[in-house]
Amino acid sequence: MGLGENWRGERTDFAGIKAVSSWLAQVKAAGFGSAANLLAALVKNDAPSQAALSLAALVRDAQEKSEKPIARLGLDLEQVELSAELTDADLTDLTAVFERMRADSGRYADWAALARATAQTVENGAGDVIDAVADGRVEPAAAGTEFTYACAEARWNSARAMLPELGQLAGLDRHELVRLFQEKERSRLNDAPALILARHFAQIPKGSMGEMGVIRGEIGRKSRHKPIRWVMKNAGAMVQRIKPVMLMSPISVAQFLPPGTVTFDLLVIDEASQIRPEDALGVIARARQIVVVGDQKQLPPTSFFDRLVDDFEDEEEEDDEMPAGATAADMESILSLCEARGLRSRMLEWHYRSRDPSLIRVSNAEFYGDKLVLPPSPLQLDPNYGMKFRRVPGVYARGKTTTARAGTNKIEAQHVVKAVAEHARKSPDLSLGVVAFSKAQSDTLTEALEYERRRDPVLDAFLREGRAEDVFVKNIENVQGDERDVILISVGYGPQEPNGRLAAMSFGPVNGEGGERRLNVLFSRARVRCEIFASFDPGDIDPSRSSREGPRVLKRFLDFAKTGIIEEQMATGLEADSPFEEDVARVIRDLGYEADPQVGTAGFRIDIGVRHPDRPGQYIVAVECDGAAYHSALWARERDRLRQDVLEGLGWRFHRIWSTDWFHRRDHEIRRLAEALLAAKEFSAGGIAVRGANTGGILQLVDVEQNAPGPIQIGHLEMTAPPYQRADLLVRSTVEPHEAPQGQIGDLIIKIVEIEGPIHVDEIARRVATAFGKLKAGSRIVDATLRALNAVQKRSDNRLKTLGQFVMTIEQATAPPVRDRRTQTGGLLKAEYLPPTEISAAMSRISVESGIMPPEEMTKAVARLLGFQRVGPDLLETILAIVLQE
């Protein structure tokens, strides 16, 4: 644009023109579009300079008031999208910011807490996480995970710096390490019996006199053996050395072990709930320590004779001064007595027998407070597993009829026999037991089986004896202690017409005192399957019509068997223990399989159970991760072998994934997992095969006569002593022994004593004379020997010790040798030259190897061990004197 009249050539006021131009630009920016608008505004303001001063004062005041809270609170104007400089900030926007702050003044405490946390985080070295959130590189919701991961990584780096070998974990084959541990652990268990036997054989007594003389005499007899009680009375200690472990019933202990003859270090009482206190106290008195094993929820001792005791009335008046309380005779069993006396107790929680948790489910809930640890089953709703219920149109005969005996159910028995025949054809490798509620029904079952086997050769072959576990038919009262793969139960009791209703809540022993305990025993006998045959529906039982617990518990068992609800076979619904397990489960699902975390019950849960893609009711693989469950195990044996062995024994296929391998070689582990799942799917195409106790068929018969034991050889158990070793030494010297240097003779004496000690001083003098080539030791040689011996004993390294006329080393005095003098001659066979310490050592060894014996017999045994063929008067007197002193 032109300068017009302002142009003055070289004298033009360019600075003034520039100032005017800048001012006009500001006016235009302020919204004045023309000079007329500006003049109109100036006309309205009488004193623009004064207004400018006032405005400047207001600006300074506003700036000061704004800077104070901004400085105190440390506000960052850029974070609220304002100019970094306050003078350039839009006042309207700044007012809005302050207004929002005033409205949200209650969040100041949160802001202060955030500021402190931020400062502390930065101070502790985690400022990178704060910066990442501020920069938008990390979402605020993921900040916690990132921080945790950063801490873990920092700890890992620190640990690797302290322990460089940790860096090798990524290349460590932990599968091979676990396999090696399992191999060595199993080898140790297999070697333990051999080691125990070796130690036992090494300590078997080898004596032939005293108590061992009694035993050897009985071994040598062909007939007319002494009673066991007599042998135990006269040789009990040696019998216990030969047989340190005895398996006996309480009545056998009372019958065969006279009081005071033997004492046991440890007594183990099994099935203690069935042993009365009065029967057990006799054997307890013979033990220093007891371990009582039993179950109060199982059968008590037989009560056949209880009524005889109950009918007895004590006519004597009670002593008021006697303390009140239960006595041993008041206790039901030795187990009850131990509990009443406050003995320390421990519950064995792992339950191994039942291959399917449904077999023990009701007992666990009803009797054990759900404290039993049950390994999960790989199958669901499988007809070959678990507890099953079969209703049959049976008829219970309360009284004798033309077709049935009283107390029997013939139709139900026939259905049971049919099931046995079916089992013989389909599952002959699974052992079988049949149990009835009553003795009459068990007899009917036996008769029906015998009749049917005559017409059925398959059934007849199955019922033959000779298998690992033969078929049994028992009643509820005597089945405790037995177990089979499959148990068939015949209730027997029922309606009096086919498919009728129960007229009475009478179930025999179940209605009696402790009937529920009988049921607990009965329904826990099976390992694989338990089938219950009844002639009524579980809903027909009305527990309110009986005052006993038995009918109620029976109804619960039958209801459970009928419904088929097997809770332990289902996934628990719990979440995975760790993100690692969640990641593994996600990969399994991506591979096309259904994965259930935490399968099983508390105490024995599988990390991930993988279902068959075509049969969802069947698990094909148990995937174990080294997560919380793995690290919570107290012993390597439990976490690396026992759990796996138990699961594999139940039919599970086992696949382990290590977290280090999953993180460092993820692709490799996923391929390995996929291969394992495919192999398990193909393996389980025909279902899971149950290996029964009778797999392998009939056991090989043993020809008794061909394997008849021959004469027992015990010659190797003779007690012997090493032969006596004479010190035959030579000294090259031209002088006589009594003229030899005293030090030379002293060194010779030390060598003689080291070989023959304890030795008489006269025998030492003879050895010295022989070493110098002399035939006998005269008085001068004896004197020289005594002087040299005294000089040796005065040395600082005194190595010899004198007891009476016998010299020995310190070691020989501590552990005197016992030597056989059978090949010796001369003075060594004289009684006066026999060391008393050697006689005492021989006595101790004979006592250990032969047991207690009379002094005269001990004297002969000592003489024989020392190699004397004949015991003369002098030898008898010398040895007997020491024997009597001991």
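One-based numbering along the sequence shown. This one's a predicted model, so the numbers in the text were calculated from it and none came from an experiment.
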(request) Please answer whether the main-chain N or O of Leu257 pairs with a side-chain N or O of Thr261 as donor and acceptor at a distance below 3.5 Å. (result) no

(request) Considering only NZ, NE, NH1 and NH2 on the basic side and carboxylate oxygens on the acidic side, decide whether Arg766 and Glu763 come within less than 4.0 Å. (result) yes

(message) In the structure I gave you, are the side-chain heavy atoms of Val239 and Val262 within less than 4.5 Å of one another anywhere?
(response) no

(request) Measure the CE-CG distance between Met248 and Leu267 for me, rounded to the nearest 0.5 Å. (result) 11.5 Å

(message) I'd like to know if the side chain of Gln725 and the backbone of Ile755 have a donor-acceptor N/O pair within less than 3.5 Å.
(response) no

(request) May I ask you to say whether Arg186 pairs ionically with Asp191, meaning some side-chain N is under 4.0 Å from a carboxylate O? (result) no

(request) With side-chain contact (heavy atoms from CB on, under 4.5 Å) as the test, would you mind laying out the steps for Leu729 and Lys751 before giving the verdict? (result) CA-CA 9 Å; Leu729 304 175; Lys751 294 180 180 179; 3.8 Å; yes

(request) Give, for atom NZ of Lys860 and atom CG of Leu875, the distance between the pair rounded to the nearest 0.5 Å. (result) 12.5 Å

(message) Please find the pair of heavy atoms, one from Ile745 and one from Pro737, that lie closest to each other, and give the distance.
(response) CD1-O, 3.1 Å

(message) Quick one: does any side-chain atom of Gln805 pair with a main-chain N or O of Ile759 as donor and acceptor, under 3.5 Å?
(response) no

(request) Determine whether more than 12 heavy atoms belonging to other residues, nucleotides or ligands lie under 6.0 Å from atom CZ of Arg229. (result) yes

(request) Apply the test side-chain contact (heavy atoms from CB on, under 4.5 Å) to residues Ile196 and Phe201: give CA-CA distance (whole Å), side-chain angles for both, the deciding distance (0.1 Å), then the verdict. (result) CA-CA 9 Å; Ile196 293 172; Phe201 290 148; over 6 Å; no

(message) On a heavy-atom basis, which atom in Glu211 and which in Gly851 lie closest, and how many Å separate them?
(response) OE2-CA, 3.4 Å

(request) Start with the C-alpha distance between Lys774 and Glu736, add both sets of side-chain angles, then the distance that settles salt bridge (Lys or Arg N to Asp or Glu O under 4.0 Å), and finish with yes or no. (result) CA-CA 9 Å; Lys774 304 299 180 181; Glu736 295 295 322; 3.0 Å; yes

(message) Which heavy atom of Asp270 sits nearest to which heavy atom of Ile275, and what is that distance?
(response) O-CD1, 3.8 Å

(message) Rounded at 0.5 Å granularity, tell me how far CD in Glu849 sits from CG in Leu865.
(response) 10.0 Å

(message) Taking CG in Leu266 as the centre, count heavy atoms belonging to other residues, nucleotides or ligands within less than 6.0 Å. Is the count above 12?
(response) yes

(request) Indicate yes or no: at least one non-hydrogen side-chain atom of Ser333 is less than 4.5 angstrom from one of Gln296. (result) yes

(request) Scan Leu884, Ile879, Val883 and name whichever one has a side-chain contact (heavy atoms from CB on, under 4.5 Å) with Met858. (result) Val883

(request) Look at the side chain of His200 and the backbone N and O of Ile242, then say whether any donor-acceptor pair between them is shorter than 3.5 Å. (result) yes

(request) Begin with the C-alpha distance, continue with both residues' side-chain angles, and end with the deciding distance and a verdict on salt bridge (Lys or Arg N to Asp or Glu O under 4.0 Å) for Arg819 and Glu756. (result) CA-CA 10 Å; Arg819 299 160 291 184; Glu756 290 192 57; over 6 Å; no

(message) With heavy-atom distances below 4.5 Å as the criterion, would you say the side chains of Phe806 and Pro836 are in contact?
(response) yes

(message) Counting C-beta onward and ignoring hydrogens, is there a side-chain heavy-atom pair between Ile846 and Met719 closer than 4.5 Å?
(response) yes

(request) Would you indicate whether the side-chain heavy atoms of Arg288 and Phe264 approach each other to under 4.5 Å? (result) no

(message) Taking the side chain as everything from C-beta on, heavy atoms only, tell me whether Ile839 gets closer than 4.5 Å to Thr878.
(response) yes

(request) For residues Pro259 and Arg286, determine if any side-chain heavy atom of one lies less than 4.5 Å from a side-chain heavy atom of the other. (result) yes

(message) With a 3.5 Å distance limit and no angle check, can you tell me whether Ser187 reaches the backbone of Glu183 through a side-chain donor-acceptor pair?
(response) no

(message) When you measure from the side chain of Gln203 to the backbone of Arg241, do you find a donor-acceptor pair of N or O atoms at a distance under 3.5 Å?
(response) yes

(message) Is it the case that the side chain of Glu218 and the backbone of Lys226 share a donor-acceptor pair, with hydrogens and angles ignored and the cut-off at 3.5 Å?
(response) yes

(request) Please tell me if the side chains of Val768 and Thr770 come closer than 4.5 Å, counting only heavy atoms from C-beta onward. (result) no

(message) Nearest 0.5 Å, please: how far is CZ in Arg732 from CG in Leu730?
(response) 8.5 Å

(request) Examine distances only and state if a side-chain atom of Arg216 and a backbone atom of Gly207 form a donor-acceptor pair shorter than 3.5 Å. (result) yes

(message) Within a 6.0 Å radius of atom CG on Leu348, are there more than 12 heavy atoms belonging to other residues, nucleotides or ligands?
(response) no

(message) To check you understand the geometry: which heavy-atom pair defines the closest contact between Val862 and Ala842, and what is its length?
(response) CG1-CB, 4.1 Å

(message) Looking only at side-chain N and O atoms, does Gln793 offer a donor or acceptor that is under 3.5 Å from a partner on Thr802?
(response) yes

(request) Provide the closest heavy-atom pair for Pro722 versus Val818 in the form atom of the first, atom of the second, distance. (result) CD-O, 3.4 Å

(request) Check for a donor-acceptor pair, side chain of Gln812 on one end and backbone N or O of Thr809 on the other, with a separation under 3.5 Å. (result) yes

(message) Side chains of Ser249 and Ser252 only: does a donor on one sit below 3.5 Å from an acceptor on the other?
(response) yes

(message) Within the supplied structure, the quantity of interest is the number of heavy atoms (other residues, nucleotides, ligands) at a distance under 6.0 Å from Leu195 CG; does it exceed 12?
(response) yes

(message) Under 4.0 Å between a side-chain nitrogen and a carboxylate oxygen: does that hold for Arg821 and Glu838?
(response) yes

(message) Between Glu349 and Lys371 (salt bridge meaning N to carboxylate O under 4.0 Å), is one present in this structure?
(response) no

(request) Could you grab the distance from atom CE of Met246 to atom CD of Gln240, nearest 0.5 Å is fine? (result) 5.0 Å

(request) Identify the heavy atoms of Val807 and Leu789 that sit nearest to each other, and give their distance. (result) CG2-CD2, 3.8 Å

(message) Assess, by modelled atom type and distance only, whether the side chains of Tyr724 and Asp820 contain a donor and an acceptor separated by less than 3.5 Å.
(response) no

(request) Any chance you could measure Cys338, atom SG, to Ile290, atom CD1, to the nearest 0.5 Å? (result) 4.5 Å

(request) Evaluate whether atom CZ of Arg221 has more than 12 neighbouring non-hydrogen atoms of other residues, nucleotides or ligands under 6.0 angstrom away. (result) yes

(request) Dump the intermediate steps for side-chain contact (heavy atoms from CB on, under 4.5 Å) on Leu180 and Val178, then the final yes or no. (result) CA-CA 5 Å; Leu180 183 63; Val178 170; over 6 Å; no

(request) Taking Asn790 for its side chain and Arg787 for its backbone only, find out whether a donor-acceptor pair lies under 3.5 Å. (result) no

(message) Working note: Ser273 + Glu332, criterion side-chain contact (heavy atoms from CB on, under 4.5 Å); need CA distance, chi angles, decisive distance, verdict.
(response) CA-CA 8 Å; Ser273 67; Glu332 180 181 70; over 6 Å; no

